[in-house]
There are 2 protein chains.
Amino acid sequence: MKIGELAKRTDCSVQTIRYYEKEQLLCTTQRSDGNFRLYDEAAIEQLLFIKLCRNLDLSLSEIRQLLTLKRSPGAQCDQVNRMMDEHIQQVETRIQELVELRKHLKVLRRSCSSERTIEQCGILQTLTTDQHKNR
Amino acid sequence: MKIGELAKRTDCSVQTIRYYEKEQLLCTTQRSDGNFRLYDEAAIEQLLFIKLCRNLDLSLSEIRQLLTLKRSPGAQCDQVNRMMDEHIQQVETRIQELVELRKHLKVLRRSCSSERTIEQCGILQTLTTDQHKNR
DNA sequence: TTTAAACTCTATAGTCACTATAGAGTCAAG
DNA sequence: CTTGACTCTATAGTGACTATAGAGTTTAAA
């Protein structure tokens, strides 16, 4: 299977696959006579695993760690658990930040209506006034 | 006031100030004999305005638009309102995504406990099994 | 007065996870 | 044998900075 078919079967772009290889998330593969990458079914598995992790917003570095761990089945899985806990914490924090942000944005948005000129614009006025609070 | 003092008074790094100048968020300033940038109080105002907008997660491009609008006080402020509405929508969407993600992560995390080996690791097992669902 | 420290300058590279492009080579069908 | 679809490598771009190198400027102390 050449890279194009792998891309199609995993719904991943060709460039991304090459990028993952460079980043050591996929092993270097056999090459054909014409220097084309050749993949087997295991490559599909590996790539789908990576995609799944990316959907969970894990970084490539985190995924690299997981892949390494997968290769030592006897080790304790504390490290996997710790990574997940940290990751969940990061997501929690980001949600909190965004909820706060949304609140601010809505307050700000309510301070203006469409019929005004820039000069009267409640949003710009609020922003301009708030500058001074930040000093 | 030289760039270092401006940085201190706005709690902004020197590099960031130079970056904003390059990106046309701050005007080019007078220079001293030794080619140092010289700022006045208005620069503080402008920079604080930018910081405030960045805290609202507005992009530099959005902020550039706001700054341009601020300079034409007679114009209608529809554009400001529209930008804010779009921005709020983006934040909403991202919050929804992250809430979904958090749910997935928590389910996944509950599938494992610390005393297991990698081989028994519920997280890795789930991820490895889920691969197949995605095909 | 020298010299050292602290500041400033420009230009460039790095971050992350890709995406896009150029320019060249490979391969199968018609 | 040529066309078109594919593949290869290498490089640059994204956004909003951060970090570095190597040079010049200014201020204060020795």
Side-chain angles (χ1 to χ4, degrees), chain A residues 1-26 28-39 43 46-67 83 86-87 90-91 94 97-98 101, chain B residues 1-26 28-39 43 46-67 83 86-87 90-91 94 97-98 101:
Chain A
M1 177 181 12
K2 282 183 289 185
I3 199 167
E5 199 189 332
L6 178 62
K8 225 173 268 168
R9 287 178 62 182
T10 56
D11 195 29
C12 214
S13 82
V14 165
Q15 297 106 298
T16 301
I17 296 173
R18 287 197 280 246
Y19 175 68
Y20 285 167
E21 181 185 309
K22 206 179 63 150
E23 293 297 313
Q24 317 238 46
L25 290 157
L26 294 172
T28 54
T29 55
Q30 275 184 281
R31 295 292 182 109
S32 72
D33 290 349
N35 198 32
F36 289 3
R37 289 171 180 82
L38 295 176
Y39 296 97
Q46 179 103 333
L47 192 44
L48 288 175
F49 179 84
I50 295 169
K51 275 200 71 181
L52 206 60
C53 292
R54 287 295 298 139
N55 286 342
L56 297 173
D57 246 14
L58 293 169
S59 69
L60 296 194
S61 152
E62 287 171 321
I63 298 171
R64 221 176 350 248
Q65 285 175 62
L66 281 183
L67 290 169
M83 183 190 298
E86 272 169 36
H87 192 66
Q90 281 168 32
V91 173
R94 189 61 187 147
E97 285 170 4
L98 287 179
L101 178 58
Chain B
M1 179 182 9
K2 282 183 289 185
I3 199 168
E5 198 189 332
L6 179 61
K8 222 173 270 168
R9 288 179 61 181
T10 56
D11 194 29
C12 214
S13 82
V14 165
Q15 297 106 296
T16 299
I17 295 173
R18 286 196 281 244
Y19 175 68
Y20 286 166
E21 181 185 310
K22 204 179 64 151
E23 293 297 311
Q24 317 239 45
L25 290 157
L26 294 172
T28 52
T29 55
Q30 273 185 282
R31 297 291 183 109
S32 72
D33 290 348
N35 199 33
F36 288 3
R37 288 170 181 82
L38 296 175
Y39 297 96
Q46 179 103 333
L47 192 45
L48 288 175
F49 179 84
I50 295 169
K51 276 201 71 181
L52 206 61
C53 292
R54 288 294 300 138
N55 286 342
L56 297 173
D57 246 13
L58 294 170
S59 69
L60 297 194
S61 152
E62 287 171 320
I63 298 171
R64 218 173 355 243
Q65 286 175 60
L66 281 183
L67 289 169
M83 182 190 299
E86 272 167 37
H87 192 65
Q90 282 168 32
V91 172
R94 189 62 187 146
E97 286 170 4
L98 288 179
L101 178 59

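Within every chain, numbering begins at 1; the chains are lettered A, B, ... in the order of the sequence lines, protein sequences first and strands thereafter.
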Subject >> Candidates B:Leu47, B:Ile17, B:Thr10 - the one meeting side chain to side chain contact (heavy atoms under 4.5 Å, CB included) with B:Tyr39 >> reply: B:Ile17

Subject >> Any donor-acceptor N/O pair, B:His87 side chain to B:Glu62 backbone, under 3.5 Å >> reply: no

Original post:
Counting distance only, does the side-chain N/O of B:Arg54 pair as donor-acceptor with the main-chain N or O of B:Ile63 below 3.5 Å?
Top reply: no

To the nearest Å, how far apart are [X] [atom1] and [N] [atom2]?
{"X": "B:Ile17", "N": "D:dA16", "atom1": "CD1", "atom2": "C1'", "answer": "15 Å"}
{"X": "B:Asp11", "N": "D:dC17", "atom1": "CG", "atom2": "P", "answer": "13 Å"}
{"X": "A:Leu6", "N": "D:dC6", "atom1": "CG", "atom2": "P", "answer": "15 Å"}
{"X": "B:Ile50", "N": "D:dA16", "atom1": "CD1", "atom2": "P", "answer": "12 Å"}
{"X": "B:Ile3", "N": "D:dT26", "atom1": "CD1", "atom2": "P", "answer": "15 Å"}

Original post:
What residues in residues 57-67 of chain A put a non-hydrogen atom under 4.0 Å from any atom of DNA chain C?
Top reply: A:Ser59, A:Leu60

Original post:
Which one, D:dC17, D:dT7, D:dT26, comes nearest to the side chain of B:Asp33?
Top reply: D:dT26

Which value, rounded to the nearest 0.5 Å, describes the distance between [X] atom [atom1] and [Y] atom [atom2]?
{"X": "B:Glu97", "Y": "A:Asp57", "atom1": "CD", "atom2": "CG", "value": "8.5 Å"}
{"X": "A:Ile50", "Y": "A:Leu67", "atom1": "CD1", "atom2": "CG", "value": "5.5 Å"}
{"X": "B:Thr16", "Y": "B:Ile3", "atom1": "OG1", "atom2": "CD1", "value": "9.5 Å"}

Original post:
Would you say B:Tyr20 reaches D:dC17's phosphate, i.e. side-chain N/O to OP1/OP2 under 4.0 Å?
Top reply: yes

Subject >> Phosphate-side-chain proximity, B:Ser13 and D:dC17, N/O vs OP1/OP2 below 4.0 Å >> reply: no

**OP:** Could you pick out which residue, A:Arg18 or B:Asn35, lies toward the 5' side of DNA chain C when each is mapped onto its nearest nucleotide?
**Re:** B:Asn35

**OP:** Could you pick out which residue, B:Leu38 or A:Ser32, lies toward the 5' side of DNA chain C when each is mapped onto its nearest nucleotide?
**Re:** B:Leu38

**OP:** Considering only NZ, NE, NH1 and NH2 on the basic side and carboxylate oxygens on the acidic side, decide whether A:Arg18 and A:Glu21 come within less than 4.0 Å.
**Re:** no

Subject >> Heavy-atom contact window of chain B on DNA chain C, given 5' to 3' at under 4.0 Å >> reply: C:dT8 to C:dT10

